[in-house]
Amino acid sequence: MCTDCGCGDPDVVPLEVQGRILSDNDERAQHNREHFAAAGVLAVNLMGSPGAGKTAILEATARHQRGLRLAALAGDLATERDAARLEAAGIPARAITTGSACHLDAKMVHHALHALPIAGLDVLFIENVGNLVCPAVYDLGQAANVVALSVTEGEDKPLKYPTMFLKADLVLLTKTDLLPHLDFDLAAVEDALARAMPEPRMIAVSARTGAGVDAWLAWLAERRARLTSAAAPSDGRLHHGHGHVHGPGHDHGHAHARPHDPDHDRHR
Amino acid sequence: MHEYSIVSALVDQVAVAARAHPTGTVKRVHVAIGELAGVELELLATAFETFRDHTVCAQADLVIEPRPACWRCPRCQVELARGAVLRCGACQVPARLVTGDEIILQRVELDLGDDDQGGT
């Protein structure tokens, strides 16, 4: 009997689920997280509008890196231009070409990890598709979300795109070398962030002049230190949970306690 | 337009739930979507109508329960006004989102009276 909608149909049976619709992605993200933890690498999901300066910030990071070992996955709809730029800047990079997809998901990131060794890295940047909405919805297994917001986008973006800023651990205010040419109100963007982020954190940077890059590098070092102090598995590896998502022939430097299930390969 | 990807995951979950009654027909799918979940409700409804053909949801309606955002102080539990700075004025601690970012499949309604439908 349907007791829910009032139709009274005796043949209707309600089945309670009460589960996250993206639980499949969440499980894959958790698996990625275990890979990152096993490799001791800080995974940073870098998001922001197209043209916010995500790639330029990574180029500047490599220029000022002080010995950090970096690599990047670069999500793009159609080209491998960002990955090529990062490689040219000395950051080993792989492109994730999403076709029409407006965001990266945990499966795409896991697949790309097959082509990019992460053992021995300090920081893996996952440069997401340029978009202030969709990427915020998908956990990739990252330790931190960073949103690049350029001064040419306006101070109200945190209020217009609250989900993106709600998920951010840090906002990089980019292209600050342009401030003398703009009517950009720093206090207004700080106020907007305080209404979108419970713990607002912003670093103003210019990839062109290098201003603020030291503070950004210090933030990365602090997050990385937090990572290594949090959990160092005694045998140097994490034996991750099964129900996980890569094919039986894979190898990214970890052991499995038992063989893969026959239906294990869920790459599509 | 990640709403299409969400519907794809939703249809998969409905198919799993509906296995409990292989001869039943899915009539209604109830979801709850938070205001801060990053999901556009109209796009979600459109994506469902587009995607449901040739799936277990082919004859199903999507019922969306919107959930407004609710921020509270984790210490004194006071609810913050909409649009306010996300910090408790009295306790000076960051607010916590209590509801408003969920993307949840709540319930699937199956009609067991329609025996000529093959279910999954």
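Lettering of chains follows the sequences in order, A, B, ..., and the numbering in each one begins at 1. Note that the coordinates shown come from a computational prediction; the quantities given were computed from them, not determined experimentally. Excluded from the calculations below are hydrogen atoms, water molecules and symmetry mates; all remaining heavy atoms, backbone and side chain alike, are included.
For a residue to count as touching a neighbouring chain, one of its non-hydrogen atoms must lie under 4.5 Å from one of that chain's; by this rule Gln106(B) touches chain A with backbone and side chain alike. If you measure heavy-atom distances from Val31(B) to chain A, the contacts under 4.5 Å come from the side chain alone. Tyr161(A) does not touch chain B: none of its heavy atoms, backbone or side chain, sits under 4.5 Å away. Interface remark: Ala37(B) contributes backbone atoms only to the contact with chain A (heavy atom separation under 4.5 Å). Looking at Leu80(B), neither its backbone nor its side chain comes within 4.5 Å of chain A, counting heavy atoms on both sides. There is no contact between Ala101(A) and chain B, counting heavy-atom distances below 4.5 Å. Residue Met197(A) touches chain B through its backbone alone, counting heavy-atom pairs closer than 4.5 Å.
Within the 3.5 Å criterion, the main-chain N or O of Asp24(A) finds no donor-acceptor partner in the side chain of Gln13(B).
Heavy-atom pairs under 4.5 Å with chain A peak, among Ala17(B), Ser5(B), Ala20(B), at Ser5(B). Between chain B and the options Leu193(A), Val133(A), Leu166(A), the largest number of non-hydrogen pairs under 4.5 Å is found for Leu166(A). Contact count against chain B (heavy-atom pairs under 4.5 Å) is highest for Val137(A) among Asn25(A), Leu22(A), Val137(A).
Heavy atoms of other residues, nucleotides or ligands lying less than 6.0 angstrom from CG of Asp183(A) number 12 at most. For CD of Gln77(B), the number of neighbouring non-hydrogen atoms (other residues, nucleotides, ligands) closer than 6.0 Å is greater than 12. Remark: Glu80(A) CD is loosely packed, at most 12 non-hydrogen atoms of other residues, nucleotides or ligands lying under 6.0 Å away. Enclosure of atom CD in Glu222(A) by more than 12 non-hydrogen atoms of other residues, nucleotides or ligands within 6.0 angstrom is indicated. The number of heavy atoms from other shown groups lying within 6.0 Å of CZ (Arg67(B)) is above 12.
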Are Val108(B) and Val17(A) close enough, and set up right, to give a side-chain contact (heavy atoms from CB on, under 4.5 Å), and what steps lead you there? CA-CA 7 Å; Val108(B) 177; Val17(A) 181; 4.2 Å; yes
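The CG atom of Asp11(A) lies 12.5 Å from the CD atom of Glu109(B); values are rounded to the nearest 0.5 Å. Here the CG atom belonging to Leu44(B) is positioned 7.0 Å from the CD1 atom belonging to Ile21(A), to the nearest 0.5 angstrom. Summarising the geometry, atom CZ belonging to Arg195(A) is positioned 8.5 Å from atom CG belonging to Leu86(B); distances are rounded to the nearest 0.5 Å. Taking OG1 of Thr163(A) as the start and CG of Asp101(B) as the end, the distance is 8.5 Å to the nearest 0.5 Å. Taking CG of Leu36(B) as the reference point, atom CZ of Phe165(A) lies at 13.5 Å (rounded to 0.5 Å). Rounded to the nearest 0.5 angstrom, Cys102(A) SG and Glu3(B) CD are separated by 7.5 Å.
Using a 4.5 Å heavy-atom threshold, the side chains of Ile104(B) and Gln18(A) count as touching.
Listed here is the closest heavy atom pair of Ala95(B) and Pro198(A): O-CB, 3.4 Å.
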